[in-house]
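Below: the structure, in structure tokens.
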Protein chains: 2
Amino acid sequence: MDDARAGAVFHALSDPTRRQVVQALAQHGSLSASAIAADLPISRQAVAKHLAILSEAGLATSTPAGRERRYDLTPAPMTDAVAWITRTGAAWDDRLARLQQSLNRP
Amino acid sequence: MDDARAGAVFHALSDPTRRQVVQALAQHGSLSASAIAADLPISRQAVAKHLAILSEAGLATSTPAGRERRYDLTPAPMTDAVAWITRTGAAWDDRLARLQQSLNRP
DNA sequence: TCTTCGTGCAACTCCATGGTTGCGGATGCT
DNA sequence: AGCATCCGCAACCATGGAGTTGCACGAAGA
């Protein structure tokens, strides 16, 4: 039942702002919430909420560095989302195969 | 910028009920909204709304069949979501490669 | 030490959305 | 024809979530 983890990833990536945060982390890495917010038209607290959601989905980890807190991307859980998609696609292909099989048998 | 299409897929798959609808379509295929709602604890109109969102993301197509309307899964746009994930992962790996390169150069 | 900067927490607003019920209109069955 | 379904549309409600502001606390530098 890793539908929950895949769902968390889907939910985390469903917001466009959150996707921008993920991409910022993917390109630069080890950014603070304020640093990310500097490149976005929203406040630091909004970014912090997004980072909390990303952390809850396992897509980001935070480490305190002095008086600021750095966030890093951990894209491993994205595998669960891809697995969900491929699994569903496989089920669909199976259904298609069964349909084709029943068509070949008049 | 197919971030929009990937975003639509992420949004479509972010809801657990919608994922159940997708899985029902993946397994049986060509189901009506009422048939899907029969296996879920929600009303037919709620399922219809979910199907509308799935259609908007390109994940489902509907064809009128007599007095009912059949829905089929079209998992092609899921490729965009997977592409977004792999692209982001690739950027993250690049960042890691750069970090490692800068570490090897004291 | 005092100031400054960055963070975390809490309260608040506002809109999107998942869900409902209640219709009227097509379509198929007897 | 008449009835039973199945659908689509609209109105409505409640909750969640994205975003803001305000404030208090801890760490760095003057």
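Not measured: the values here are computed from a predicted model.
- Closest approach of A:Asp72 to A:Gly29, counting heavy atoms only: OD2-C, 4.3 Å.
- Remark: P of D:dG19 and CD1 of A:Ile36 are 14 Å apart, rounded to the nearest angstrom.
- Counting only residues at least two apart or in different chains, side chain to side chain donor-acceptor pair (under 3.5 Å) contacts with residues 35-48 of chain A are absent.
- Within 4.0 Å of B:Ala33, counting heavy atoms only, lie sugar-phosphate atoms of the nucleic acid but no base atom.
- Of the side-chain N and O atoms in B:His11, one or more sit less than 4.0 angstrom from OP1 or OP2 of C:dT17.
- B:Val9 and B:Ile53 fall into different hydrophobic clusters, defined by Ile, Leu, Val, Met, Phe, Trp and Tyr side-chain heavy atoms under 4.5 Å apart, directly or through other members.
- The side chain of A:Arg69 contributes an N or O atom lying less than 4.0 Å from OP1 or OP2 of C:dG8.
- For the pair B:Asp15 and B:Lys49, the salt-bridge criterion is not met [side-chain N within less than 4.0 Å of a carboxylate O].
- A straight line from CG of B:Leu31 to C1' of D:dC6 spans 15 Å, rounded to a whole angstrom.
- Partners of A:Arg70 according to the salt bridge (Lys or Arg N to Asp or Glu O under 4.0 Å) rule, which considers only residues two or more places apart in sequence or in another chain, are A:Glu68.
- At a threshold of 4.0 angstrom between heavy atoms, the contacts of B:Ile53 are confined to the sugar-phosphate backbone, with no base atom among them.
- For the OP1/OP2 pair of D:dG17 and a distance below 4.0 Å, the side-chain nitrogens and oxygens of A:His50 include no atom meeting the criterion.
- Residue pairs that meet the ring-ring contact (aromatic ring centres under 6.0 Å, His included) test with at least one member in residues 9-54 of chain B, sequence neighbours left out, are B:Phe10-B:Trp84.
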Original post:
Base, backbone or nothing for each nucleotide of nucleotides 20-30 of chain C, written B, S, -, heavy atoms under 4.0 angstrom, 5' to 3'?
Top reply: BBB----BS--

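- Remark: B:Tyr71 pairs with no residue by the ring pair (Phe, Tyr, Trp, His ring centres under 6.0 Å) rule, at least two apart or across chains.
- If you measure from atom CD of A:Glu56 to atom C1' of D:dG16, you get 14 Å, rounded to the nearest angstrom.
- Side-chain proximity of A:Tyr71 to C:dG8, D:dA18, C:dT17: nearest is C:dG8.
- Taking OG1 from A:Thr88 and CG from B:Leu13, the interatomic distance works out to 8.0 Å, rounded to the nearest 0.5 Å.
- In summary, of the residues considered (B:Leu31, B:Leu25, B:Thr61), a side chain to side chain contact (heavy atoms under 4.5 Å, CB included) with B:Leu73 occurs for B:Leu25 alone.
- Non-hydrogen atoms lying under 4.0 Å from DNA chain C are contributed by B:Asp15, B:Thr17, B:Arg18, all within residues 13-24 of chain B.
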